[in-house]
Amino acid sequence: MLEAQLEPYTQLRADLAARDRSLREKVMSLEEAAGFVQDGMKVGIGGSTMSRTPMAMIWEIIRQRRQDLSCSRCIVSTDGDLLFGSGAANHIITSWFAQGILWGLSKVMRHHVETQGKRYEEWSHMGVGMRYRAGGMGVPFLPMRAMLGSDVMRQRPEAKPIDCPFTGEKLLLVPALNPDVALIHVQRCDAYGNAQIDGLQFMDIDLALAANRVILTTERIVSNDQIRRRPDHTKIPFFCVDAVVEVPYGAAPHECFGIYEPMMKHMDAYVKQVNADPVKGMQQYLEKYFYEPKSWNEYLALIGMNELLEASQLGRSIYND
Amino acid sequence: MLEAQLEPYTQLRADLAARDRSLREKVMSLEEAAGFVQDGMKVGIGGSTMSRTPMAMIWEIIRQRRQDLSCSRCIVSTDGDLLFGSGAANHIITSWFAQGILWGLSKVMRHHVETQGKRYEEWSHMGVGMRYRAGGMGVPFLPMRAMLGSDVMRQRPEAKPIDCPFTGEKLLLVPALNPDVALIHVQRCDAYGNAQIDGLQFMDIDLALAANRVILTTERIVSNDQIRRRPDHTKIPFFCVDAVVEVPYGAAPHECFGIYEPMMKHMDAYVKQVNADPVKGMQQYLEKYFYEPKSWNEYLALIGMNELLEASQLGRSIYND
Amino acid sequence: MTEASHYTASETLAILASRQLKDGQVVFAGVGTPLLAATLAQQLRCPGLTILFEGGVVGAFVEAGKLPPSTNDQRCTKRANMVLGSADVLLLLQRGYVDIGFMGGAQIDQFGNLNSSFIGDPAAPKTRLPGTGGGNDISSLTNMIVAMKHEKRRFVENVDFITSPGFIRGGDSRRDSGLPAGGMFRVITELAVFGFDERSRRMKVLALNPGVSREEVQDNTGFRLDFDENLTVTEPPTSHELQILRQLDPDRLFTA
Amino acid sequence: MTEASHYTASETLAILASRQLKDGQVVFAGVGTPLLAATLAQQLRCPGLTILFEGGVVGAFVEAGKLPPSTNDQRCTKRANMVLGSADVLLLLQRGYVDIGFMGGAQIDQFGNLNSSFIGDPAAPKTRLPGTGGGNDISSLTNMIVAMKHEKRRFVENVDFITSPGFIRGGDSRRDSGLPAGGMFRVITELAVFGFDERSRRMKVLALNPGVSREEVQDNTGFRLDFDENLTVTEPPTSHELQILRQLDPDRLFTA
């Protein structure tokens with residue numbers, strides 16, 4: 001199991017060496033970018049809970065009927081429902097999995113984990129973070145002081161408790177997580193993939209460095225000139241990025257800091273529908289919102305103008321004071 | 001030796017628990033802030049080479065005739081000369097120690113290390129960085145892949161090469177470095193110590209988290225209201241900070257990003273004088289610029305108006321395009 | 001109007017919990033009652049209290065009537081002192097910058113261990129719960145206050161699954177597991193305030209809420225309770241506490 | 001005017017070094033000749049070349065006539081794509097994002113090990129040199145190009161002190177030391193271009209600079225040199241190369 005998880009350093013290096021890391025334009029469509037995600041891959045998902053979720057990319061991957069994905073995210077929300085419910089993922093690595101704190105347990109997650117044999121692999125929040133960080137640093141593990149003594153640790157033979165060779169203290173070594181591909185949504189980036197992120201960063205920077213491929217969706221593409229005026233605001237460097245897709249409202253119905261808050265009427269209706277019937281409710285939701293629309297804009301139209309405008313007004317309001 | 005370097009976790013925690021971390025004003029004078037630095041302490045110095053050096057604080061510590069300090073900094077420049085030359089430090093931990101790349105070897109460093117028994121403890125640049133980072137993370141070590149095989153490692157029994165328990169690969173574990181006090185100069189912070197840093201951060205964020213006390217000098221003190229308008233621009237949180245001192249040109253004759261570049265005429269004259277005679281040249285420099293001035297502003301006056309204005313013009317020019 | 005003589009169990013919980021905090025502390029707070037209680041403490045007695053959120057927020061500023069519904073959304077960041085990465089805010093706990101972790105709980109046992117992962121056998125669970133989130137990290141790395149509903153099925157002898165460690169199996173077992181710092185400090189319910197015995201690390205009643213008997217607490221608890229030798233009765237919520245609390249949560253989202 | 005028939009040894013060094021770089025590479029460059037050579041390559045043949053500086057700069061933009069004098073000052077950051085922490089830019093090397101490390105050298109040995117720490121016995125050094133800086137990290141973690149002056153005292157059989165590892169003791173000793181990636185790739189001097197034997201990992205001459213004999217190179221080297229079986233003579237600097245180079249360094253700060 002461990003062998004399957006941890007690639008040897010030389011392999012990680014070879015994968016990276018083979019990547020085109022040159023300063024080049026990589027703007028493409030959702031459809032094209034989704035080509036980086038193949039069945040069975042390890043997919044790292046940026047953002048957290050209902051924030052900066054790369055929903056447009058998840059939407060496209062589900063439309064392309066990907067299967068057997070192993071997905072990881074610091075906190076999983078309705079993205080996890082949709083990945084399990086559509087059959088795209090059979091394994092989710094995270095520290096918390098529900099639709100959002102307002103709605104209690106996810107009946108969709110429960111259905112798939114309790115009765116369908118899908119795996120929800122639980123780590124502590126910091127554990128997930130240290131796994132991405134180790135992956136991004138190019139080391140096979142990082143030491144940490146949580147999870148020790150708990151059953152969360154006991155369920156994770158992938159992590160190794162040790163006695164510190166310096167102090168003799170007990171520590172937990174958590175293995176690096178290097179996803180095959182990361183999906184990250186940002187407020188803005190240039191055509192090369194230099195990304196700025198406003199507000200909460202979650203684990204996105206470590207994730208971008210750790211992944212072997214990064215698909216960036218962005219609310220807008222700005223000029224490289226604009227990026228170069230404040231290089232200390234760049235959070236992800238272009239050579240980590242393999243695809244740039246401009247998708248306004250690309251996190252809908254979740255939020256994107258400073259631009260829109262979650263579309264709560266849609267979310268409420270979604271939760272009601274899928275928790276009432278995790279199979280049929282989900283299938284109907286996917287049909288209507290994922291499979292039938294011809295484009296992302298058609299999906300947004302289904303969420304509705306009122307929701308988008310209200311969410312945008314709230315989103316921008318963070319800068320009103 | 002290791003035992004002396006690595007405090008047990010419980011001790012580190014107890015030190016932190018005893019610190020006043022509340023949201024409170026902590027603005028004071030250079031003289032008062034220097035009281036946090038006592039003879040024999042481990043002092044972490046922010047910035048790098050000739051950039052954002054906390055020179056005003058170093059100046060004050062030397063004026064207060066501190067002794068036996070063990071100082072660490074990622075790259076040491078004339079600050080190291082002055083700390084050795086004044087007798088304030090007898091031990092410097094860094095990866096590179098000269099006056100600056102323009103001037104070749106530091107005769108002051110050579111004199112004190114080759115003939116006076118002072119210690120220049122060499123780690124790789126990343127080694128210093130990982131030591132601060134481990135300190136800031138609250139773990140006793142971090143793994144890294146450099147230094148292995150070199151004589152730099154062979155001279156550092158404090159670091160431990162291991163076989164990775166996951167992959168069997170060789171790795172080097174470097175021990176945490178938690179300075180007793182850190183000196184950090186920033187462009188701006190509020191009265192509580194919430195600091196913004198423009199441009200290169202060097203190792204200052206890890207250093208601030210790792211140290212048991214932090215003295216912040218700042219070009220200006222801004223309102224907490226201003227900090228709260230862009231909380232994603234705060235780089236050091238107030239509860240890491242024990243003293244805030246407003247010192248315009250507090251890195252002179254070194255640079256402060258976006259405000260002033262190095263004062264090169266002064267630097268040239270300094271290097272010429274101390275390299276010509278590392279003992280008398282240094283003593284005369286210290287007398288004139290460190291011991292005799294009644295205030296930091298008097299020291300700046302000695303550097304001279306032309307130098308300050310020219311350096312400021314160049315410093316601001318980074319934002320001209 | 002403040003009706004000091006009528007208040008809900010949730011209001012009691014928030015007020016008693018807020019009394020556990022001290023000025024100058026750095027508190028890692030979950031949403032709901034913990035955040036409400038921490039904000040109440042800040043406004044009543046602790047202007048220098050600092051609130052951290054799991055999403056990466058340091059020194060949050062919570063406005064009356066606008067308590068954020070989650071700790072990972074932009075509302076949490078408004079007028080905060082700092083926002084940073086999610087792993088980094090947890091590392092502040094590991095480094096020791098945080099005095100108190102303050103959470104709700106679904107199921108707790110005699111040693112203060114919390115379960116938010118599984119009901120039933122983890123290998124074939126009756127219910128898969130949402131999981132730890134930051135709970136495991138927080139409870140591993142600092143002193144904990146837990147505010148929760150008092151029900152027999154929530155107060156069990158041993159939790160099905162230790163998601164967030166309290167004192168593990170009691171005695172020195174927490175320290176011996178590699179957790180030398182922190183531990184369960186207080187559990188607050190609508191019935192009583194609990195601490196933990198210095199040696200056995202078993203839960204014990206420190207104070208009964210007004211009008212609550214020993215028997216009532218024991219009857220609602222799934223294991224034998226000890227009562228502190230200096231058992232007291234908690235001061236009831238004051239009208240001032242209730243007034244401020246109701247200003248903070250005017251729509252009674254968390255105090256219904 | 002460009003005088004293609006007259007050029008300095010430093011100019012040769014910069015031009016030959018620049019020819020070693022390929023478009024699309026990510027290059028970690030020191031100041032002086034390395035930065036000059038990388039910028040020259042960028043302008044001549046490699047528009048997609050990315051330059052990193054140790055201070056924490058990604059995708060630097062170097063203006064003709066304004067080469068920064070150090071890699072830790074604000075001039076390095078001007079119109080860069082990104083700036084980040086010093087440890088973080090080195091971690092990019094460790095993760096594998098960097099193709100080439102490009103440095104100067106004070107002393108090198110037959111296996112490409114560099115010394116910038118001590119002359120004489122490290123326990124009682126004749127001269128304490130400045131130390132590694134990022135050199136050890138860069139040479140441990142990626143493929144190296146070194147551009148340096150060719151003097152006998154600088155090309156020694158074994159360096160007094162391995163500051164920045166090349167192939168250590170040759171053969172598999174680098175890999176066995178825990179450095180499975182990178183290694184010394186090319187050494188460029190005003191006399192010749194050197195590579196390293198695939199098996200012994202000893203330095204060998206790949207190409208002689210125009211007008212330089214085998215004997216001249218050997219006479220200026222403190223150990224026995226091998227010559228590649230396909231030994232070539234390097235193309236002399238072209239007038240175009242010299243022209244662009246002289247535009248980049250009009251004051252001849254690095255090419256006197």
Side-chain angles (χ1 to χ4, degrees), chain A residues 1-3 5-13 126 129-131 133-134 137-146 157-176 187 196-201 225-226 228-233 235 257-258 318-321, chain B residues 1-3 5-13 126 129-131 133-134 137-146 157-176 187 196-201 225-226 228-233 235 257-258 318-321:
Chain A
M1 184 155 198
L2 274 175
E3 287 60 48
Q5 289 208 334
L6 266 183
E7 283 179 276
Y9 185 54
T10 47
Q11 185 58 48
L12 269 180
R13 297 277 306 219
M126 193 164 78
M130 291 303 99
R131 295 194 62 194
R133 185 157 295 178
M137 289 169 74
V139 289
F141 64 82
L142 281 176
M144 56 180 271
R145 297 183 186 272
E158 303 90 344
K160 290 187 189 286
I162 61 154
D163 294 326
C164 173
F166 293 91
T167 62
E169 295 160 356
K170 280 205 168 48
L171 294 166
L172 187 69
L173 306 185
V174 295
Q187 282 89 0
Q196 295 180 345
I197 296 175
D198 299 328
L200 294 164
Q201 305 172 3
D225 192 64
Q226 199 168 124
R228 287 180 185 266
R229 276 172 205 281
R230 285 313 299 262
D232 51 358
H233 290 188
K235 295 286 175 26
F257 186 99
I318 194 92
Y319 294 122
N320 284 359
D321 284 341
Chain B
M1 183 153 196
L2 274 174
E3 286 59 49
Q5 288 207 335
L6 266 184
E7 284 179 275
Y9 185 55
T10 46
Q11 184 58 48
L12 269 179
R13 298 275 307 216
M126 193 164 78
M130 291 302 99
R131 296 194 62 195
R133 186 157 295 178
M137 290 168 75
V139 289
F141 65 81
L142 280 176
M144 57 181 269
R145 296 182 187 274
E158 303 90 343
K160 290 187 189 286
I162 61 154
D163 295 326
C164 173
F166 293 91
T167 63
E169 297 160 355
K170 281 206 167 48
L171 295 167
L172 187 69
L173 307 185
V174 295
Q187 282 87 1
Q196 295 180 345
I197 296 176
D198 298 329
L200 294 164
Q201 305 170 4
D225 192 64
Q226 199 168 124
R228 286 180 186 265
R229 277 172 204 279
R230 285 312 300 260
D232 50 359
H233 290 188
K235 296 286 174 27
F257 186 100
I318 195 91
Y319 294 122
N320 284 358
D321 283 342

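In what follows, chains are A, B, ... by sequence order, proteins preceding strands, each numbered from 1.
- Annotation: maximal heavy-atom pairing with chain A below 4.5 Å, among B:L173, B:T167, B:L142, occurs at B:L173.
- In this structure B:F141 satisfies the ring pair (Phe, Tyr, Trp, His ring centres under 6.0 Å) test together with A:F166, sequence neighbours excluded.
- The pair B:R230-A:D198 meets the salt-bridge criterion, since a charged nitrogen lies less than 4.0 angstrom from a carboxylate oxygen.
- Residue contact with chain A, scored on non-hydrogen atoms closer than 4.5 Å, involves the side chain of B:M130 exclusively.
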- Candidate pair B:L171 and B:R145, rule side chain to side chain contact (heavy atoms under 4.5 Å, CB included), full reasoning: CA-CA 5 Å; B:L171 295 167; B:R145 296 182 187 274; 3.8 Å; yes
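- Taking chain A as the reference chain and counting heavy-atom pairs below 4.5 Å, the highest number among B:A134, B:P143, B:P8 is found for B:P143.
- Note: B:H233 and A:H233 have tilted aromatic rings, judged against thresholds of 30 and 60 degrees for the angle between ring planes.
- Looking at B:I162, only its side chain comes within 4.5 Å of chain A, counting heavy atoms on both sides.
- Most heavy-atom pairs under 4.5 Å with chain B: of the set A:R228, A:M144, A:M137, A:E169, this distinction falls to A:E169.
- Of all the listed residues (A:P165, A:P140, A:P231), the one sharing the greatest number of non-hydrogen pairs under 4.5 Å with chain B is A:P140.
- Taking the salt bridge (charged side-chain N to carboxylate O under 4.0 Å, His left out) definition, one finds that A:R229 meets it with A:D225, sequence neighbours left out.
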